[in-house]
Novice: 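Quick one: this structure, given as structure tokens, is what I'll be asking you about.
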Amino acid sequence: MEDADPNPSGLSKQQQRRANRSLTNRLLVMTLGSFAFGWALIPLYDVLCKVAGIGNAEAKAGRAVAAEHVDPNRLITIEFVTNIASVGSYDFHPNVASMRIHPGKLYDATFFAQNLTTGASVAQAVPSISPGGAAKYFHKTECFCFSPQRFAPGEGRDMPVRFIVDPQLPGNVDKLTLAYAIYDTTQTAKR
């Protein structure tokens, strides 16, 4: 039986050490780069959400958006729309179809959601505002969409959203639509 070659690469010991050192340095640079990228993701995500006008980063951070003044001479219609992305899992609808509001004033609205399954479930609501350019003027200070909602089998409940429409909303916009899609995220929550 032949002895196995202790150096199958054919490199001298010095060349092998140099190759190992080079590989170690490259792996170290990759590790540090991955760590730096992961560290930078949180502020990059916040900047992206702020620029895109989604996610309402101010409210998530706990800083309620305070209106400077209420515009009593202007009325805006807010329409509420829902979509059930997971067919058959939930009953989900706004408790009122629309509201007439004054920009700068804090308002409350509620949405009803019910788990139609025989098992416990987790739902996540994803909001959108249209027209898209007006999203930066719609500020949610409290919303069921900020975190996953857990439901017992057959459980139904009203879920609140508190919002302010910025008085700086362009004058040509007199109607906003707040739409939510609700997703069954039970499988994701189990992981």
Novice: Can you check side-chain hydrogen bond (donor to acceptor under 3.5 Å, both in side chains) on Asp184 and Ser121, steps first, answer last?
Specialist: CA-CA 7 Å; Asp184 186 339; Ser121 68; 5.3 Å; no
Novice: State the CD-SG distance between Gln124 and Cys145, to the nearest 0.5 angstrom.
Specialist: 7.5 Å
Novice: The test is side-chain contact (heavy atoms from CB on, under 4.5 Å); show your working for Val161 and Asp108 and say whether it passes.
Specialist: CA-CA 6 Å; Val161 60; Asp108 294 315; over 6 Å; no
Novice: Could you note down all residue pairs passing salt bridge (Lys or Arg N to Asp or Glu O under 4.0 Å) where residues 110-135 supplies at least one of them, sequence neighbours left out?
Specialist: none
Novice: Any sub-3.5 Å donor-acceptor pair from Thr82's side-chain atoms to Pro94's backbone N or O?
Specialist: no
Novice: Is Thr185 reaching over with its side chain to a backbone N or O of Val122, donor-acceptor style, under 3.5 angstrom?
Specialist: yes
Novice: Less than 4.5 Å apart, any side-chain heavy atom of Val81 and any of Leu178?
Specialist: no
Novice: Contact between Arg162 and Cys143 at the side-chain level, heavy atoms closer than 4.5 Å - yes or no?
Specialist: no
Novice: Would you confirm whether Thr117, through its side chain, and Gly119, through its main-chain N or O, come within 3.5 Å as a donor-acceptor pair?
Specialist: yes
Novice: Do Arg74 and Leu169 come close enough that some side-chain heavy atom pair is under 4.5 Å?
Specialist: yes
Novice: Could you go through the side-chain contact (heavy atoms from CB on, under 4.5 Å) check for Thr177 and Ile129 one step at a time?
Specialist: CA-CA 6 Å; Thr177 302; Ile129 307 287; over 6 Å; no
Novice: Could you pull out all residues at least two apart from His102 that satisfy side-chain hydrogen bond (donor to acceptor under 3.5 Å, both in side chains)?
Specialist: none
Novice: Examine distances only and state if a side-chain atom of Gln149 and a backbone atom of Ser147 form a donor-acceptor pair shorter than 3.5 Å.
Specialist: yes
Novice: Please identify each residue that fulfils ring-ring contact (aromatic ring centres under 6.0 Å, His included) with Tyr137, with sequence neighbours left out.
Specialist: none
Novice: Is the shortest heavy-atom distance from the side chain of Phe111 to the side chain of Asp158 under 4.5 Å?
Specialist: no
Novice: What residues form a side-chain hydrogen bond (donor to acceptor under 3.5 Å, both in side chains) with Glu155, not counting sequence neighbours?
Specialist: Arg157
Novice: If the test is ring-ring contact (aromatic ring centres under 6.0 Å, His included), which one of Phe80, Phe144, Tyr90 qualifies with Tyr180?
Specialist: Phe144
Novice: Testing the basics here: between Asn83 and Phe92, what is the closest heavy-atom pair and its distance to 0.1 Å?
Specialist: O-CD2, 4.2 Å
Novice: Please examine the side chains of His139 and Asp166, heavy atoms only from C-beta on, and report whether any two atoms are closer than 4.5 Å.
Specialist: yes
Novice: Determine the minimum heavy-atom distance between Pro103 and Ile76, stating which atoms define it.
Specialist: CG-CG1, 3.7 Å
Novice: For a quick test of your reading: what N or O donor-acceptor pairs under 3.5 Å do the side chains of residues 23-36 make, sequence neighbours left out?
Specialist:
residue, atom, partner, partner atom, Å
Thr24, OG1, Asn20, O, 2.8
Asn25, ND2, Arg21, O, 3.4
Arg26, NE, Ser22, O, 3.4
Thr31, OG1, Leu27, O, 2.8
Ser34, OG, Met30, O, 3.0

Novice: Quick one: side chain to side chain contact (heavy atoms under 4.5 Å, CB included) partners of Ser98, sequence neighbours excluded?
Specialist: Thr77, Glu79
Novice: Mind running ring-ring contact (aromatic ring centres under 6.0 Å, His included) on Phe163 and Phe138 for me, showing each step along the way?
Specialist: CA-CA 7 Å; Phe163 63 91; Phe138 191 94; 5.0 Å; yes
